[in-house]
Amino acid sequence: MVRKIDRDASRFKRIVRGKIKTDLRKYITHGELIGKTGGEYVSIPLPQIEIPEFRYGDKNRGGVGQGPGDVGTPIGRSGDGEAGPGAGDAPGRHILEVEMTLDELAEILGEELALPRIEPKGKANITEEKDKYTGIRQTGPESLRHFKRTYKKALRRQIASNQYDPRDPIVIPIREDKLYRSWNPVSAPQFNAVVLYLMDVSGSMTDDQKEIVRTEAFWIDAWLKNQYDGVTTRYVIHDAVAREVDEHTFYHTRESGGTRISSAYALADKIVEEDHPAIDWNVYVLHFSDGDNWGEDNRQCMALLRDRLLPKCNLFGYGQVESPYGSGEFYRELEDAFEDVPNLALSEIRDKEGIYESIKEFLGRGR
């Protein structure tokens, strides 16, 4: 029988899940969760959740229909309608913070955006053996003793031997009663993924654009980690020259030079070729830029995409973040060069409100 406290806990979880789904667009666009991540858990701020209940006021304290009064008399607890001095003693409305795993958050994201499950490609015959507790045996370490089954066996023994007294229901297991969990090795296919984030850090990309990239990358990571056994993340920044960096440098670097997007595509191809061959890895490349590129470089970018990167990628996503300084022409170049390519997704992100639809455009293909 399910205990009442378990039913209440399950109901509370359903209420919290519903609240998060209702406000998911707000959490995505405002980046409220990124700074609240700790390990595998995310701390999520929710408005106060109130359970309906009767509330009784104080008697004979004034108000509508109570005591004498004239037209124009202010209604309130204070006779003269003025607020009392000093600190109040009434509770205020609080923000409730709940913890949720990244997997649970990804599931909510998938449900709300109607994201299809990803079907991994690569070497499905890469397997890893894991121990799964599937049986019971009579020997084993005490840490694996099955208390419920041990108790039942001891109880049956005492009843059968007339040693059990219902008035004094003491059940003491002996050595022959003890049962232990046993395990068997289970082989499971392992699918790994690598995500390469490429970002233009030339002078035309401002801090606001980088914050948009950071917010979107958080949600994309959450979904991909929910779909794969292991996810490796690599970061590449570029202006006229590309280089691989760590996550902090990726989001906090700003250069003042020109832009050659082909340098980033060539480096991404090298990383995939040397470290993450497509036969073993599910490859995701996500490039964010304001669309400003040196005009003569566009042709080389298209050739690198067509001949090198797209054949290796589950998904190549280009997100164009609108900037007051960028021309935005690169998006049009990609549209003209590639039409109806299943593993190429293009997205224009005009501001933070555009993150929601951009994530759906990138992940909605189920690749």
Side-chain angles (χ1 to χ4, degrees), residues 19-46 95 97-115 193 195-202 204-227 231 233-237 245-254 284-291 315-326 328 331 345-365:
K19 286 279 188 181
I20 294 172
K21 287 182 71 173
T22 301
D23 294 332
L24 185 63
R25 183 185 288 268
K26 180 192 76 172
Y27 292 128
I28 289 176
T29 56
H30 295 155
E32 291 187 35
L33 307 184
I34 297 177
K36 298 176 178 290
T37 307
E40 293 299 317
Y41 289 86
V42 180
S43 182
I44 301 175
L46 291 178
I95 295 296
E97 290 210 346
V98 296
E99 279 197 342
M100 178 168 284
T101 66
L102 288 173
D103 269 350
E104 290 174 312
L105 195 61
E107 291 294 339
I108 292 174
L109 177 72
E111 291 172 12
E112 187 64 16
L113 271 63
L115 300 179
V195 188
L196 277 75
Y197 288 107
L198 320 180
M199 184 165 63
D200 176 9
V201 293
S202 61
S204 56
M205 282 284 284
T206 68
D207 290 338
D208 289 339
Q209 278 75 54
K210 290 175 186 173
E211 183 60 26
I212 289 173
V213 175
R214 182 168 178 254
T215 302
E216 185 155 340
F218 170 83
W219 290 96
I220 291 172
D221 276 349
W223 178 249
L224 292 178
K225 287 175 181 177
N226 176 261
Q227 301 289 294
V231 176
T233 308
R234 309 279 291 264
Y235 298 93
V236 173
I237 59 174
V245 295
D246 58 31
E247 182 180 7
H248 182 270
T249 305
F250 184 79
Y251 291 115
H252 295 87
T253 298
R254 186 174 181 184
Y284 294 82
V285 179
L286 298 166
H287 178 216
F288 296 92
S289 169
D290 60 4
L315 177 72
F316 183 97
Y318 174 71
Q320 187 155 288
V321 188
E322 189 169 292
S323 164
Y325 309 108
Y331 187 96
L346 306 178
S347 174
E348 288 186 289
I349 314 165
R350 301 192 183 280
D351 51 30
K352 286 187 176 181
E353 298 299 323
I355 296 173
Y356 188 87
E357 292 301 328
S358 179
I359 293 172
K360 191 169 185 177
E361 179 62 45
F362 284 155
L363 301 179
R365 303 189 176 207

Nearest heavy-atom neighbours spanning [X] and [Y]:
X    : Y    : answer
A193 : Y284 : CB-CE1, 4.3 Å
I349 : G354 : CG2-C, 4.0 Å
E112 : Y356 : CG-OH, 3.4 Å
H248 : H252 : O-ND1, 2.8 Å

For the residue pair E247 / T233, report whether a side-chain donor-acceptor contact shorter than 3.5 Å exists.
no

If I take atom CZ from residue R214 and atom CE from residue M199, how far apart are they, to the nearest 0.5 angstrom?
11.0 Å

Parallel under 30°, tilted from 30 to 60°, perpendicular over 60°: which one fits the rings of Y197 and F288?
parallel

Are side-chain heavy atoms of V195 and L224 found at a separation under 4.5 Å?
yes

Counting C-beta onward and ignoring hydrogens, is there a side-chain heavy-atom pair between V201 and F250 closer than 4.5 Å?
no

What do the steps show when you test T206 against D208 for side-chain hydrogen bond (donor to acceptor under 3.5 Å, both in side chains), and what is the final call?
CA-CA 5 Å; T206 68; D208 289 339; 4.7 Å; no

Give a yes or no answer on whether the side chain of Q320 reaches the backbone of Y331 with a donor-acceptor pair at less than 3.5 Å.
yes

Given 3.5 Å as the limit, does a donor-acceptor pair link the side chain of E111 with the main chain of I108, or not?
no

